[in-house]
Amino acid sequence: MEIIIKQNADMASHASARVVARLVREKPNAVLGLATGSTPLMLYRELVRMHKEEGLDFSRVTTFNLDEYIGLKKEHPQSYYTFMWENLFSQINIKPENVHLPDGMAADVPASCAAYEQEILNAGGIDLQVLGIGSDGHIGFNEPTSSFASRTRIKTLTQQTVADNARFFDGDGSKVPHHCITMGIGTIMDAQMNLMLAFGAGKADAVSAMVEGPVSSMMPASILQHHPLAKVFIDEAAASALKLSNYYRWVYDGKPEWQRDA
Ligand code: F6R
């Protein structure tokens, strides 16, 4: 894992956007895995700016989102479909047919999950997967004890995640769907690169367990220790519980110019 600590969330997001932009410039038909939630908002804002001001071209890019709530129609204000169109897709030149999200209204959920996996394979696999981390250590909606071999499937959110996400539903946990479709941990681990973002003191314990704790399904994000190319962009607050933070800064500051992409 490469740990990149920036002064604040804005700087960390901009650094992560440079990694995404570099991939899209080098491979115009890149396949991006995308996340929702509050964490990637500044990354998406920066990608929009790069598109508008620097001509970053998404016309051949394909995307697959990590997850979607079950039972919310696409047009629901809190569906991840709405989130992605509002915060990214409507502001860049991506082709609607190249955008994929799990179908939270599918009549046959297992069949639609299998089809989603097949679509990822047909696209050539995910080049770069954007991830956030839940306060309980989830990635996608792979909650604690999720199988490390799991593929796209239905999951039940933990009470912790329902409580965390109530802020998007007028603070009312009873409005948060309890079920979702999420890419599995096996799906996420198949991405060529994983790019994790985490900001704020509320993520500090999860970040330290992910980076420096044992690899355990009780902390799903810890599986990224086994990924050959996982970059973790965090702010000072999210880094505050890391034991080796000085070492990570030392590594980053000492990188030769040719190795720098952020
Ligand atoms: C969202 C997702 C989740 C979030 C995580 C953090 O697509 O897969 O794993 O990344 O719950 O959410 P925020 O960023 O709102 O703290």
Side-chain angles (χ1 to χ4, degrees), residues 9-10 12-13 16 32-45 63-70 72 74 76-89 99-104 113 116 120 126 128-146 150-169 171 173 176-189 191 194-207 209-210 217 219-224 230-235 237-238:
D10 216 29
S13 300
S16 70
L32 302 180
L34 298 176
T36 56
S38 45
T39 307
L41 280 172
M42 283 173 281
L43 161 64
Y44 295 157
R45 212 172 298 145
T63 66
F64 288 91
N65 262 79
L66 279 168
D67 39 23
E68 180 60 283
Y69 291 115
I70 287 192
L72 294 193
K74 283 180 176 174
H76 189 285
Q78 295 308 332
S79 76
Y80 287 164
Y81 177 94
T82 300
F83 175 99
M84 289 309 302
W85 277 97
E86 276 181 358
N87 292 296
L88 184 65
F89 299 149
V99 160
H100 304 84
L101 284 101
D103 180 2
C113 293
Y116 200 67
I120 294 173
I126 292 172
L128 183 156
Q129 176 67 56
V130 176
L131 296 171
I133 186 169
S135 61
D136 63 0
H138 69 221
I139 46 175
F141 273 140
N142 295 284
E143 299 286 26
T145 71
S146 287
S150 52
R151 313 302 304 190
T152 303
R153 70 210 183 293
I154 185 171
K155 281 296 285 181
T156 305
L157 303 184
T158 59
Q159 291 97 323
Q160 175 70 51
T161 301
V162 170
D164 286 347
N165 288 2
R167 69 190 194 281
F168 299 115
F169 292 81
V176 182
H178 290 186
H179 295 100
C180 63
I181 295 175
T182 179
M183 278 186 202
I185 295 181
T187 323
I188 292 169
M189 288 295 282
N194 268 293
L195 197 156
M196 157 73 73
L197 303 173
F199 309 131
K203 297 289 173 74
D205 288 342
V207 166
M210 164 180 73
S217 65
M219 173 50 58
S222 64
I223 191 63
L224 293 175
K231 291 176 185 282
V232 180
F233 289 87
I234 48 181
D235 62 0

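We number each residue from 1, following the sequence as shown. We count ligands from 1, going down the list as the structure has it; atoms in each ligand are counted the same way.
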For R167, state whether at least one heavy atom is located under 4.0 Å from any atom of ligand 1. yes
Quick one: are [X] and [Y] in side-chain contact, heavy atoms under 4.5 Å?
| X | Y | result |
| --- | --- | --- |
| M219 | P144 | no |
| I234 | M196 | no |
| L131 | L197 | no |

For the aromatic rings, using the six-membered ring if either is Trp, is the centroid distance between F64 and Y116 under 6.0 Å? yes
Under 6.0 Å between ring centres: does that hold for F169 and Y69? yes
Side-chain H-bond candidate by donor/acceptor type, [X] with [Y], under 3.5 Å:
| X | Y | value |
| --- | --- | --- |
| H100 | T63 | no |
| T36 | N65 | no |
| R45 | S13 | no |

Residue portion contacting ligand 1 (non-hydrogen atoms closer than 4.0 Å) for [X]:
| X | result |
| --- | --- |
| T36 | both |
| T39 | both |
| L131 | neither |

Can you tell me the protein heavy atom closest to [atom] and the distance?
| atom | value |
| --- | --- |
| atom 6 (C) of ligand 1 | I133 O, 3.4 Å |
| atom 2 (C) of ligand 1 | D67 OD2, 3.3 Å |
| atom 10 (O) of ligand 1 | G132 CA, 3.3 Å |
| atom 5 (C) of ligand 1 | H138 NE2, 3.4 Å |
| atom 12 (O) of ligand 1 | K203 NZ, 4.3 Å |

With heavy atoms of L66 as the reference, note each atom of ligand 1 found under 4.0 Å away. 8 (O)
Nitrogen or oxygen atoms of G140 and ligand 1 under 3.5 Å apart: yes
